[in-house]
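Here the structure comes first, spelled out in structure tokens, and everything after it is commentary.
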Amino acid sequence: MTLGLTGLALGGLVYAAGYEVRSFRLRRFEVPVLPSGTRPIRVLHVSDLHLTPKQRGKIEWVRGLAALQPDIVVDTGDNLAHSDAVPAVLDAFEPLLSTPGVFVFGSNDYYKPQPKNPAAYLLPTRGKARVHQPNLPWADLQEGFSTAGWLDLTNTRGTVDLGDLRLDFVGVDDPHLGRDRYDRVAGPASPEADLTVGVTHAPYLRVLDAMAGDGCQLLLAGHTHGGQLCVPGYGALVTNCDLEPARVKGVSRHPAEGGPGAAWMHVSAGLGTSPYTPVRFACPPEATLLTLVAAP
Ligand SMILES: [Fe+2]
């Protein structure tokens, strides 16, 4: 009996580390969030690459996303997993850098990954765990994205014009590290915008509440890895933040019960893992093409 269970666990680990962690998927959702009469907008949401320079398969897969011809790219952070990974990240995004884009950073853009037990992902998070000086070259990545014309939304508001449509963005630095300063970007959504989007790496409720309260109609986040180690037929056990597991990935509403004034939300399960916990189970790595359409 014990041998059988051990064999099952080992088999699961081999599958999770050897196959699923590299089984990249594109998910597609239609979100009815635009004013009536507005043409559709295609948003490519990419998150949590956790890239090392040798991950050629992931780099090529991300490069291939340019074939989707999105109207705009949203990167919700955790791009880096290695001190030398900035050129690899810019290589992965290179075919997309001529497309309008916005980005925020996550804890793993600032801090090198640390060795830990794979099961540690399932333990409660304390947040604000790393208080030292950032030790990854996040500023080089910021410069690379910004030079290409992507908008840095770190505790910042901004506007992207897509032809006849005006998209306003409200962004924060990573709430998982307590770096979010929503007070710097707070304020009601402009009636001049066709859409106001809130962008954060980690979907902590305080940030989602503030963004939805200010009239953001769409919220985009990453960080959760979709639960990373999930139970088939049940789903995620944890979100690595204070969002409940039912909204760990995919499209949902915020507040969760929906109703008038509720925002639409998309949480990306992301494309990577820490190099020290290279396992995914029942939660394949993903990027998402969101087609925003007019509300009925
Ligand atoms: Fe991540």
Side-chain angles (χ1 to χ4, degrees), residues 16-17 20-25 27 45-52 55 58-59 61-62 74-83 85-86 88-89 92-93 103-130 134-138 141 145 153-154 171-180 199-204 207 219-230 236-243 245 247-250 265-281 283-288:
E20 185 166 316
V21 78
R22 285 187 282 278
S23 178
F24 307 115
R25 313 276 169 93
R27 300 219 295 170
H45 184 184
V46 183
S47 197
D48 295 82
L49 261 71
H50 292 269
L51 198 62
T52 64
Q55 292 175 333
K58 195 189 295 181
I59 292 168
W61 193 85
V62 173
V74 178
D75 177 342
T76 44
D78 271 11
N79 299 278
L80 306 175
H82 191 283
S83 300
V86 170
V89 172
F93 281 114
F103 65 96
V104 291
F105 286 142
S107 56
N108 288 279
D109 294 301
Y110 297 118
Y111 296 100
K112 289 179 185 172
Q114 301 289 326
K116 61 183 176 184
N117 182 334
Y121 190 83
L122 298 176
L123 300 175
T125 176
R126 286 174 299 174
K128 295 191 183 184
R130 288 173 278 197
N135 56 10
L136 280 176
W138 63 273
L141 186 58
F145 283 160
L153 291 173
T154 303
V172 290
D173 204 351
D174 189 7
H176 192 57
L177 295 174
R179 293 172 68 111
D180 52 310
V199 183
T200 176
H201 173 65
Y204 276 83
V207 174
L219 309 174
L220 299 174
H223 174 74
T224 65
H225 298 189
Q228 192 162 324
L229 300 170
C230 295
L237 299 171
V238 295
T239 63
N240 204 18
C241 63
D242 61 0
L243 188 71
R247 292 191 290 163
V248 71
K249 69 176 181 180
M265 178 164 76
H266 179 256
V267 179
S268 171
L271 282 164
T273 67
S274 163
Y276 296 108
T277 55
V279 287
R280 276 185 175 254
F281 194 73
C283 185
E286 66 177 30
T288 314

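Order of appearance sets the numbers: ligands from 1, and atoms from 1 within every ligand.
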Original post:
Just wondering, do Ser83 and Leu136 contact through their side chains at under 4.5 Å, heavy atoms?
Top reply: yes
Subject >> Residue and atom names of protein N/O/S atoms that fall under 2.8 Å from the Fe ion (ligand 1) >> reply: Asp48 OD2, His50 NE2, Asp78 OD2, His225 NE2
Subject >> His223 and Tyr204 aromatic ring geometry - parallel, tilted or perpendicular at 30°/60° bounds >> reply: tilted
**OP:** May I ask you to decide if the ring planes of His50 and His225 are parallel, tilted or perpendicular, using 30° and 60° as cut-offs?
**Re:** perpendicular
Subject >> Member of Asp173, Asp174, Asp109 meeting the salt bridge (charged side-chain N to carboxylate O under 4.0 Å, His left out) criterion with Arg179 >> reply: Asp173
Original post:
Using the ring of each side chain (for Trp, its six-membered ring), is Trp61 parallel, tilted or perpendicular to Phe24, with breaks at 30° and 60°?
Top reply: tilted
Original post:
Rounded to the nearest 0.5 Å, how far apart are CG of Leu153 and OG1 of Thr200?
Top reply: 10.5 Å
